[in-house]
Each structure stands twice: as structure tokens, then as C-alpha cells.
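Since the structure comes first, as C-alpha cells, the remarks are kept for the end.
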Number of protein chains: 2
Amino acid sequence: MKKKTATAARSRPVDIVQVLRDGISSHAIPPGSKLQEAKLAKDFAVSRTRIREALTELELRGLIKRVPNRGAEVARLDLTQVFEIYDAREALEGMCVRLATQKAPRETWQEWVEQLREGGPLEKLIDKGDVESYFLHYERLRRRIIEAAENPVLAGMLDSILEKTRVIMRRVQILPGRAATGLKEHRAFVTAMRAGDAERAEQLRRENIRSAIRTLKRFQSFIL
Amino acid sequence: MKKKTATAARSRPVDIVQVLRDGISSHAIPPGSKLQEAKLAKDFAVSRTRIREALTELELRGLIKRVPNRGAEVARLDLTQVFEIYDAREALEGMCVRLATQKAPRETWQEWVEQLREGGPLEKLIDKGDVESYFLHYERLRRRIIEAAENPVLAGMLDSILEKTRVIMRRVQILPGRAATGLKEHRAFVTAMRAGDAERAEQLRRENIRSAIRTLKRFQSFIL
DNA sequence: GGCGCAAATAGTGTCAACATTTCCGTGTAC
DNA sequence: GTACACGGAAATGTTGACACTATTTGCGCC
């Protein structure tokens, strides 16, 4: 974080937080960076007051760490916190799958069953080694499920923990065999959703996340 | 919220939020109350800047609602939100019970098995109609479990949703037969914890919360 | 007497200036 | 040569004033 981020010239009041959030969660502003109020104020062309409000919000979201009279810096999360977050994620995503299965008509998931089927388009993506594209599709499925769960409280919580681990999630996908394993597991819980079996779908989704945790534990030295 | 709350004369900077949080979550400051920055600034004997910071925190926690140029008021939550929160709670508390069972030595829960046993002291409390005291014990058990789960992320999330529904939870306890049913269910999941069966303990805890939801649904007209 | 428009009023949003604390470099003494 | 102390610079914390928006009040007109 040395120079002004190229696109930061927006003077709109609302989304200073949004820009910083995105920057931090994508590691465009890497962990440990110091955030100086005066510099940010100049970059965003606003007063320090607004910057300070934005910083308090980021602090509350746990994205930055502030020490009195010494400034703010982007929080680095250690592996302990990552595992804590994953446990929370397991519970929340599991519940989302359950609710989505109960609330949305079964046909909703038909297209995903087809995408994820053995020999289907998504499997071909992984075979080609295009993990990045697969990850984007997976993200879309996740958002669709959260939407179908129709629970803003859950959605907000997931949002607030994912903005901290987005980079880690992407790195996990690249670990040896992870994407292929993940696809099989995704296929499993989506099939259960298509069948309307909410209980089983939740179980499978949770097992899916636990599986990701195990992979992460095995390769943790490569991630952080 | 007309006059200054009697004890509000503290000038300490940190816990303005704490005071307001407690006031709102206990309904001492009832839903719909308008929070005027200038008035609060005078009551707490601090500058408006501090008040505004406190308000942004409360807004992020979902305790107040702010509309631009029109001020802030204590959020009223409708039944829809309450049920959303309970679904999230089911997922999170279930996970807490699972983790607590896995992480803490089994003997930890022995005292609770005894307290909750058939004909035990807690059952006697309910038979006497002292639901209030039972609720306090239950709260202590909850906190003990969260502590044993050793997961600050989960703890923070539960904290942030309970401060919104504390009043509702207490009202549910008073509904006909709810306390007695709750006790049986608590006994069940604590017994599983004592036995070290994390999977079953989680299931039972979740069933316990779903049971509370059903009671709430049945009597919702009396609650809100 | 009621309705509409305009001015006054109250309250929030924003800013620039001032006060305080921390950090870093320099100098001196041992 | 090292350690301690002092001072200056830079960044954060705090305050009061100003600008803008929405609401209400009062006046005139229908």
C-alpha cells in the first residue's frame, strides 16, 4: 500500500468501506499493511473524519487491527483463526443447504446436477486444469444456495467470514486433488438437494467442508 | 427515552456502546426509540464524534437503524427476523455443543448431569414455578459450553444474535410447559456430552432449539 | 375552515483546525 | 562505543463550527 490505488478517485461517500473491504479481502492490500488516515483521506479526496468512520467499520468487521494512538493495519489471520472460521462456516453453510432444500422447488437444482454430473462440463474444466473457472462456478452455486435459503442473518454472517478467508479458499482449491474431490462432494450434496432430502444434503455439505479442512490441515505449511 | 438514564454520567470513552447495548437488548430503551446524537452527547458528557462512532457500531450490530439525515432509532424486529435468528442459532449452538464435547474432558459435564437429573435441583426449581432462576442456570450452562468450544468466532456470532433476542428468549421460557420441556431436552444433550458423544449431543441440542422454535410459533401472538 | 407553499427550525453529515501521543534521530555523558 | 535523554516530526484523537437535508410552522389563498 504505497501509492493510491488507481481507481480510488471516487468521491462518493458510501463505498469507501466497500473499496477497502474488497482490497483487503482480495489481498490487493496485503495483511500487515499500515493504513494511514491522512493518506487515505487524500486518496479518496475526502476528510479524515469519513476515513475514520470507515476504519471503525472495518475494525468491527475484524478486517483491520487498531491500536490507540498508533494507527491501523490490515489484520493477519493465523491458522488458528482460519480453523475457527471454517468450523463456523461448516455450521452456517450446512444450515443454508438445509433451508435452501426445504424452501426452493426441487427443480431449482436440476441444472447444477447436470453441470456437476460425471463427465459433465465442470468435471471437464477440472480435467483441463482450469481450477479457476471451476471455482467461479462453485461460487455461483454457493450464492444461489444462500439466496434460496432466504435468511439474511445467515447470509450476513457468511459474508462477514468469507471476506476474511476468500484468498485462503482459493488457495485450497489449487491443492493437489482438492478440486476433483470437491467436485465429487458437491455433486453428492446437490443430488440430495435435487431429491429434496434436506437432512442428507446438509450432512453431505458439512462433510464437504470438513474434507476441505482436512486438506487444509495437511498442506497448511503451503498456505500460510 | 426522554431523560438521561440515571447512571449515564460515566465519562469513560470505551463503554458508551456497552451501556447502549445493554439498554437496547434489555428493552430498557424500547424498540422504536429515537437516538439523538446531541442528546446522547450531553448525557454521556462526550462529543458527538464519539457518539457517532458508537452509533455506527450499534448499526453494524443491527441494534439500531439509521436513515441518512433522519437519525437513528432502535430496531424493532419482526417475527420473520426472529425465526431467521433462531435458525442461525440452531446451527451455531449445535456446533458449539459438538466442539465443547470434543475439546473438554467428559467429567466437565458431570455437575450439569446431576443438576439436571430427574428429581434434581433444577427440576425442583421449575416445579416451584421459579422459571427465572432456571433461566439463569441455563444461561450459565450456555456460557460454559461456548467457553469450552474455544472458538471466538462462534462466540462472537452467538453474542451478536443473542443481544437481539434476549428478551424473546426469556418470554419463551414462560410459555406453558416450555421450561419443563426444555429441561428434559437439556438433560438429554448434556447426558450425551457427558458420554462424549459429540454427534448425538449436537443433534439433541439442535432438536432442543427447534422445539423452542415450534413453541414460539404456536404462541407467537403472545410474544410480539 | 382547509389546503398548499414558503420560511424557519431542528438534526444529521462534513470538514478543517487544534491537542496529544508516539516514534525517530541527534547529541551528550559516562 | 554504548546508553540515556531530549527534541522535533508525524500520525492519531478530539473538538467546535459550518453545510445540507428533512420536518414543521405559519401565512396567504382558495
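In what follows, every chain begins at residue 1, and chains take the letters A, B, ... in the order their sequences are listed.
- When the P atom of C/dA16 is taken as reference, atom CD of A/E37 falls 15 Å away, rounded to whole Å.
- Sequence neighbours left out, the pairs with a member in residues 19-29 of chain A that pass side chain to side chain donor-acceptor pair (under 3.5 Å) are A/Q18-A/D22, A/R21-A/D159, A/R21-A/E163, A/S25-A/R166.
- For B/S47, counting side-chain heavy atoms from C-beta on, the closest listed nucleotide (C/dC15, D/dT14, D/dT15) is D/dT15.
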Inset, instruction - Please report the C-alpha distance between B/R205 and B/E202 in whole Å, then the side-chain angles of each, then the deciding distance to 0.1 Å, and finally whether the salt bridge (Lys or Arg N to Asp or Glu O under 4.0 Å) criterion is met. - result: CA-CA 5 Å; B/R205 176 57 160 145; B/E202 178 180 12; over 6 Å; no
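- In this structure, CZ of B/R52 is placed 11 Å from C1' of C/dG11, rounded to the nearest angstrom.
- Using a distance-only test at 3.5 Å, with no hydrogens or angles considered, a donor-acceptor pair links the side chain of B/T181 to the main chain of B/G177.
- Contact check, B/R70 against D/dT21: no side-chain N or O comes under 4.0 Å of OP1 or OP2.
- Between the CD atom of A/E53 and the P atom of C/dC15 there is a distance of 11 Å, given to the nearest Å.
- Straight-line distance from the NZ atom of B/K34 to the P atom of C/dA10: 14 Å, rounded to whole Å.
- For the pair B/R178 (side chain) and B/Q173 (backbone), a donor-acceptor distance under 3.5 Å is absent.
- Rounded to whole Å, atom P of C/dG11 lies 12 Å from atom CG of B/L40.
- Residue pairs meeting the side chain to side chain donor-acceptor pair (under 3.5 Å) criterion with at least one member in residues 66-90 of chain B, sequence neighbours excluded: B/R89-B/E93, B/R89-B/Y138, B/E90-B/R206, B/E90-B/R210.
- Atom CD of B/E73 is separated from atom P of C/dT12 by 12 Å (rounded to the nearest Å).
- Salt bridge status for A/R144 with A/E147: present, with a side-chain N to carboxylate O gap under 4.0 Å.
- Whole-Å rounding puts the B/R48 CZ to C/dT12 C1' distance at 6 Å.
- Checking C/dC15, C/dT12, D/dG13 against the side-chain heavy atoms of A/T49 singles out C/dC15 as nearest.
- Listed in residue order, the members of residues 55-69 of chain B having a heavy atom less than 4.0 Å from DNA chain D are B/N69.
- One finds the CD atom of A/Q36 at 10.5 Å from the NZ atom of A/K42 (value rounded to the nearest 0.5 Å).
- Distance A/I51 CD1 to D/dG13 P: 14 Å, rounded to the nearest Å.
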